[in-house]
Protein chains: 2
Amino acid sequence: MTPDPRRDEAEFLASYDPRDYDPVAVTVDVVALTIRDGALHVLLVRRGFAPYAGMWALPGGFVQAGGPLRGADAEDLPDAAVRELAEETGLSAKGGALGRVHLEQLGTYGSPGRDPRMRVISVAHLAFAPELPDPQAGGDAADAAWVPVDALGLTDSGEQRPGTTRRLAFDHARILADGLERARGKLEYTPLATAFCGGEFTIPELRSVYEAVWGEELHAGNFHRKVLSVPGFVESTGATSDRGGRRGGPRPRLYRAGDARLLHPALLRPSREEEIR
Amino acid sequence: MTPDPRRDEAEFLASYDPRDYDPVAVTVDVVALTIRDGALHVLLVRRGFAPYAGMWALPGGFVQAGGPLRGADAEDLPDAAVRELAEETGLSAKGGALGRVHLEQLGTYGSPGRDPRMRVISVAHLAFAPELPDPQAGGDAADAAWVPVDALGLTDSGEQRPGTTRRLAFDHARILADGLERARGKLEYTPLATAFCGGEFTIPELRSVYEAVWGEELHAGNFHRKVLSVPGFVESTGATSDRGGRRGGPRPRLYRAGDARLLHPALLRPSREEEIR
DNA sequence: CAAATAGTGTCTCTTAGACAATATCAT
DNA sequence: ATGATATTGTCTAAGAGACACTATTTG
């Protein structure tokens, strides 16, 4: 049963009864990405309870709907995503380390049967974070950790290769695969790679972000010149890093994110020939 | 109140009661675009009932959730979008004219208060259609029509300019603005402009699609050469159109969509300098 | 016939990418 | 000292866009 839009609002509210509706739950899941030790990591929680007990899942939870009277506890979707992220990481949402996190909506997943309990529509979000502390296992989670994406054995078709130890619950392998593909694309035409860095960063650090997300080595010289040539991508701080490269080399200069929202011309990743058809 | 994931599935189902939940309704809305008379049009319905009676809205409706027992009437989100489109246009979903329509998810809109009746989460979809017949006003709609997008006075910020006669209900101006921006971008790096054409089309017809969506005139010669140079964008049918241009000119050749899913190199639209920052 | 249009040729400028060179730093 | 790294320079090929030209069709 679904609401009948032919009734006007007053009549609707007067005759309102939750039992008239097919129950649908709306959740928010977050694909939170960060770079650790030069590798792309995703924030996962281990489920303590059925369904999928013991398996790993994206952090997420039910949206506070607010009920028919739309109480003050009704949450907007981005707010719900930030709240879930804060709960799982133990970080404060406002002003704290989460203040620098980029968050965008990824997509909505609502196939019947994706949750064995009931019809669940999940609005997935994508977050780019600078390096954050290890998460606190809390709430519903038996464990929580930043997990290297490579260790999950994801295929392009959104499944995990057989033999992968950490199995993902629900359709979270598909959601994560979609999030990774979105992230790879975003790095091409937006300056969001800077969201993985701290407030100040070097060009080689920025390059390592691209290499971690794209899974390809980039030519240092050409990358350097390209980043500086795109208007508004980065701006110089005038300062210089206090350390050279890991195994030698001069001290790189420091930059901060510029004011561009789109990169023009874009930084196209090499060798996309395969995925064109 | 939200479900407690700590209960296992059997216990969950045994104790299930719809009244335990904050009621949330999930709808599907469709931004259906087509080209008519060289101008971009969107499919709109006029609301016959409150809220927003008399205003125009995107076609859409409630998703059939299927209830806790997940009956056979449970709908996937894309299926719901196709069903809404078929209901509003009076066209058959399978095999009919809707078979050639491109459909993709656009985004999910769930701000509290966006629907005055209750908490409604709307999963918006974007459809590219070749020229279709005029829709049949039916179901909940007092009227239905393909409306020129330019006549809606949309601003970049997702609002309608004052003085626009056809007002859009709910947050549909924002959704439509997002859909248009997505469409403009998709034409750059995918061959989806062909989805606005019939099975066979000419390069000038394809160019008119780009001009209608981007709102800019393109250089005919350069466009022609560019389209043919991108691998897999179009393939020749060998045939020639039976008419020349409107006011003269040779008969253009006919092409059909190629097998590329991405355009490489992309067709970048001119003059994007403004929107970079 | 006059005007418009399809399709092709040519030129210039920008950019991507390969490669090289040099200065600086870690070990 | 040795090797790695940051940064800049140079060269080549590809592509975008401006412009011109010809052949063909409509009215």
Side-chain angles (χ1 to χ4, degrees), chain A residues 38 187-189 197 200-211 214 216-231 233-234 236-255 262-273 276, chain B residues 38 187-189 197 200-211 214 216-255 262-273 276:
Chain A
L187 258 56
E188 290 191 295
Y189 58 91
C197 301
E200 300 193 343
F201 51 86
T202 68
I203 306 281
E205 276 169 15
L206 191 63
R207 175 164 48 87
S208 83
V209 170
Y210 276 88
E211 291 174 335
W214 286 352
E216 287 181 276
E217 297 222 330
L218 300 177
H219 187 287
N222 289 339
F223 180 86
H224 190 110
R225 180 157 17 93
K226 170 71 180 178
V227 166
L228 293 185
S229 77
V230 176
F233 192 177
V234 299
S236 174
T237 66
T240 298
S241 172
D242 54 357
R243 271 279 288 158
R246 293 176 176 243
R247 283 164 290 193
R251 302 179 185 176
R253 296 175 201 155
L254 287 170
Y255 298 84
L262 294 173
L263 301 184
H264 187 77
L267 277 97
L268 300 179
R269 52 190 144 149
S271 63
R272 299 193 53 179
E273 315 300 334
I276 288 179
Chain B
L187 259 55
E188 290 191 295
Y189 57 93
C197 301
E200 299 193 345
F201 52 87
T202 68
I203 305 283
E205 276 169 15
L206 190 64
R207 175 163 48 86
S208 84
V209 170
Y210 276 89
E211 291 174 336
W214 285 352
E216 289 181 273
E217 297 221 332
L218 300 178
H219 186 287
N222 289 339
F223 181 86
H224 191 110
R225 181 159 11 97
K226 170 73 182 176
V227 167
L228 294 185
S229 76
V230 175
F233 192 177
V234 299
E235 59 185 32
S236 174
T237 66
T240 298
S241 172
D242 55 356
R243 273 276 294 157
R246 294 176 176 240
R247 283 164 292 191
R251 302 179 186 175
R253 297 175 200 153
L254 287 170
Y255 298 84
L262 293 174
L263 301 183
H264 185 76
L267 278 96
L268 299 179
R269 52 190 144 147
S271 61
R272 299 191 56 180
E273 315 301 335
I276 287 179

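Quantities reported herein were computed from a predicted structural model and do not represent experimental measurements.
- A distance of 9.5 Å separates NE2 in B/His219 from CZ in B/Arg207, rounded to the nearest 0.5 Å.
- Contact annotation: the side chain of B/Glu200 never approaches that of B/Ser241 to less than 4.5 Å [non-hydrogen atoms, C-beta and beyond].
- In this structure a side-chain-to-backbone donor-acceptor pair under 3.5 Å is missing from A/Ser208 to A/Gly38.
- In this structure, the OH atom of A/Tyr255 is 12 Å from the P atom of D/dA6, given to the nearest Å.
- Nearest approach of A/Tyr210 to A/Leu187, heavy atoms of both residues: OH-O, 2.9 Å.
- Spacing between atom CG of A/Leu218 and atom P of D/dA6 amounts to 13 Å, rounded to whole angstrom units.
- Sorted by residue number, the members of residues 238-248 of chain B with any non-hydrogen atom under 4.0 Å from DNA chain C read B/Arg247, B/Gly248.
- The separation between A/Leu268 atom CG and C/dT15 atom C1' is 11 Å, rounded to whole Å.
- B/Pro252 approaches B/Thr240 most closely through the heavy-atom pair O-CG2, 3.5 Å.
- A/His264 and A/Val230 get closest at one heavy-atom pair: N-CG1, 3.7 Å.
- OP1 or OP2 of D/dT8 sits under 4.0 Å from a side-chain N or O of A/Arg253.
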Check nucleotides 10-13 of chain C for protein N or O atoms closer than 3.5 Å to its own N or O atoms and list the pairs.
unit_1: C/dT10; atom_1: O4; unit_2: B/Arg225; atom_2: NH2; d: 3.4

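- Distance A/His264 NE2 to C/dT14 P: 13 Å, rounded to the nearest Å.
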**OP:** Might you work through the side chain to side chain contact (heavy atoms under 4.5 Å, CB included) test for B/Val227 and B/Tyr255, ending with a clear yes or no?
**Re:** CA-CA 11 Å; B/Val227 167; B/Tyr255 298 84; over 6 Å; no

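- A donor-acceptor contact shorter than 3.5 Å links the side chain of A/Thr237 to the backbone of A/Leu254.
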Would you tabulate the pairs of protein nitrogen or oxygen atoms and nucleotide nitrogen or oxygen atoms of nucleotides 20-23 of chain D closer than 3.5 angstrom?
none

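- Nucleotide C/dA16 holds its C1' atom 17 Å from the NE2 atom of A/His224, rounded to whole Å.
- Minimum interatomic distance between A/Glu211 and A/Leu218 (heavy atoms only, all atoms of both residues): OE2-N, 2.9 Å.
- Pairing each heavy atom of A/Ile203 with each of A/Phe223, the nearest pair is O-CE2, 3.8 Å.
- Put simply, the side chain of B/Glu188 reaches to within 4.5 Å of the side chain of B/Trp214, judged on heavy atoms.
- At whole-Å resolution of the value, CZ in A/Arg269 and C1' in C/dA16 are 17 Å apart.
- One interatomic measurement links the two molecules: NZ of B/Lys226 to C1' of D/dG17, which rounds to 11 Å at whole-angstrom precision.
- Atom CZ of B/Phe223 and atom P of C/dT5 are 16 Å apart (whole Å).
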